[in-house]
Amino acid sequence: MSLALIVLASAITNNIALTYFLGMCPFIAISKSLRGAAGMGLAVTVVVVITTTVNYFAYRFVLVPLRLEFLAFVVFIMSIAGIVQMLEILVERYFPSLYSIFGIFLPLITVNCVILAVSLFMVLREYTFWGTVAYSFGSGLGWMIAITAMAGLRKHLAFSSPVKNLGDAGITIVLAGLMALAFLGFQGMLA
Amino acid sequence: MSGNGIRASKGFSTFVENIWLSNPIFVMVLGVCSSLAVTTKLANALVMGISVTFVLCISSFIISLVRKLIPEQVRLIVFMLIISTFVITVDLVLRILVPEVSKGLGPYIGLIITNCNLMGRAEAFAIKNPPGLSFLDSLGTGLGYTLVLLVLGFLRELITSGSLFGIVLLRNWTSWNLVSIAPGAFFLLASIIIVFNMLKRKNKTASVTADKPR
């Protein structure tokens, strides 16, 4: 029950893109097409679950016993870079059809702040193992929902003419603000 | 002598260009995450800006120094290793010097590692240019970033609580909470982008006419 709550809370009420502003660069840059956005969202969800779980073990069973917690940043980012690289090779080799959906986004993911942030939050909030899995899955899912919805909204921009000085990025930021406002409405749902 | 002058002026022009014309947040839309998340208070914004500028300058300088030794295939990982080393340094220093601000910034100090500006500068500039020039380039980017953070932090803290750096300036201020939460941050950034683009357009027409004689 509480695990389901963690998933829902991280995916909807505390959406990682819209309340913590994480992963904004790809959120703005890759939300031009629906297909691209969904692919990126899927890739982020897969990678975030795997890396956070690995980082959980690395932190709990290596860094804490050795009192090397201050090295967490280096260890986390290296394991993320390594896992992403490995995943890219494996997916390209064994699942070519999957690779065509989200393979091209994998190299971009290492510098996606969502991935590192979920690992850092995992440490700060002291989740248990299953809590970590639930939290990382919820966060990835929430980010995917947000970017896919954004791509859908941006499609409709073709029919409207926003203020010229706002530019392409500016109007996306306004849309993100409106979406954040809408997601605020879920806040009372999980009390 | 004259070669030196040209180098210096090139350094200066990249420096200025990065602050204003290709401002990391307004024009490139890079590093938006932290700029929105840490600007609820002006003090947090200032500390974050300084930290990013510091990591940016030092890491660019070092990457540029060893650029001939880095194998191309693993350069991204080398960049990250260098960057994260300095981020850890900054994190430890902040925890001792300004413990409250450090707590307020939470995971966002660690997230400097994935701030796109750092990788962007390393990949686009430091790997191809000498250390001095890379340092200036990064200093410009860092200051441009800090500038936006300060503007956002100033507006958000003033509008939310009528105070700056925690000192109450406007008494009986009706706090406008929307600005301190996520949607308000997005709207505020968008409005600043409008103002920036208007200024830039005006500047551009002015500088085009000024540049003509050359």
Side-chain angles (χ1 to χ4, degrees), chain A residues 15-29 70-78 80-82 85 107-108 110-125 162-184 187, chain B residues 25-39 74 76-77 79-81 83-92 95 106-120 123 178 181-201:
Chain A
N15 188 291
I16 198 151
L18 298 171
T19 51
Y20 294 106
F21 313 105
L22 292 167
M24 273 297 132
C25 310
F27 189 74
I28 291 166
F70 68 94
L71 280 183
F73 294 164
V74 176
V75 172
F76 285 178
I77 199 71
M78 286 298 128
I80 289 169
Q85 198 97 70
L108 295 173
T110 315
V111 283
N112 188 325
C113 9
V114 174
I115 313 288
L116 182 62
V118 170
S119 287
L120 294 178
F121 273 123
M122 174 265 289
V123 171
L124 282 180
R125 296 181 184 172
V163 185
K164 204 153 193 189
N165 279 328
L166 209 49
D168 210 25
I171 190 68
T172 312
I173 291 171
V174 173
L175 283 179
L178 290 173
M179 270 168 72
L181 212 51
F183 270 71
L184 267 186
Q187 210 105 83
Chain B
I25 294 184
F26 291 150
V27 183
M28 323 281 274
V29 205
L30 292 176
V32 179
C33 329
S34 45
S35 71
L36 291 175
V38 303
T39 50
V74 295
L76 296 181
I77 292 190
F79 292 169
M80 283 209 168
L81 204 58
I83 291 168
S84 50
T85 313
F86 290 108
V87 172
I88 289 179
T89 318
V90 166
D91 184 44
L92 292 178
R95 263 188 221 178
Y108 292 99
I109 284 290
L111 289 173
I112 295 178
I113 300 171
T114 51
N115 188 318
C116 323
N117 284 313
L118 288 143
M119 283 301 246
E123 175 79 7
L178 180 72
I181 54 175
F186 283 118
F187 295 144
L188 202 60
L189 180 63
S191 4
I192 294 177
I193 287 181
I194 295 184
V195 175
F196 173 80
N197 280 340
M198 272 155 70
L199 287 178
K200 202 174 150 191
R201 191 159 295 172

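Residue numbers start from 1 in every chain, and the chains themselves are labelled A, B, ... in the order their sequence lines are given, proteins ahead of strands.
Of the inter-residue distances, the one linking A:S119 atom OG with B:L111 atom CG reads 10.0 Å to the nearest 0.5 angstrom. Here SG of A:C113 is found 7.5 Å from CG of B:N115. Values are rounded to the nearest 0.5 Å. Atom CZ of B:F186 and atom CG of A:L18 lie 5.5 Å apart (nearest 0.5 Å).
Note: B:A182 leads B:G106, B:S35, B:A182 in heavy-atom pairs under 4.5 Å with chain A. Contact count against chain B (heavy-atom pairs under 4.5 Å) is highest for A:L22 among A:I171, A:L22, A:V123.
No part of B:I83 comes within reach of chain A, as not one of its non-hydrogen atoms sits under 4.5 angstrom from that chain. Using a 4.5 Å cut-off between heavy atoms, B:M80 touches chain A through backbone and side chain atoms alike. Of the atoms belonging to A:A17, it is backbone heavy atoms, and not side-chain ones, that fall under 4.5 Å from chain B. Interface remark: B:I194 contributes backbone and side-chain atoms alike to the contact with chain A (heavy atom separation under 4.5 Å). Contacts between A:L184 and chain B at a heavy-atom distance below 4.5 Å involve the side chain alone, from C-beta outward. Interface residue B:D91: only side-chain heavy atoms are found under 4.5 Å from chain A. Only the side chain of A:I28 comes within contact range of chain B, judged by heavy atoms closer than 4.5 Å. Using a 4.5 Å cut-off between heavy atoms, A:F73 touches chain B through backbone and side chain atoms alike. Proximity to chain B involves both the backbone and the side chain of A:L178, based on heavy atoms less than 4.5 angstrom apart.
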Derivation and outcome, side chain to side chain contact (heavy atoms under 4.5 Å, CB included), residues B:F187 and A:V174: CA-CA 6 Å; B:F187 295 144; A:V174 173; 4.3 Å; yes

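Nearest heavy-atom pair, A:L120 versus B:P107, reported as atom, atom and distance to 0.1 Å: CD1-O, 3.6 Å. Between B:I193 and A:G170, the closest heavy-atom pair is CD1-CA, 4.4 Å. Residues A:L116 and B:G110 come closest through the heavy atom pair CD2-O, 3.7 Å. Scanning both residues, A:Y20 and B:Y108, for their nearest heavy atoms gives O-OH, 2.8 Å.
Considering B:V87, B:T114, B:L81, B:I77 as possible partners of A:I77, the one that fulfils the side-chain contact (heavy atoms from CB on, under 4.5 Å) test is B:T114.
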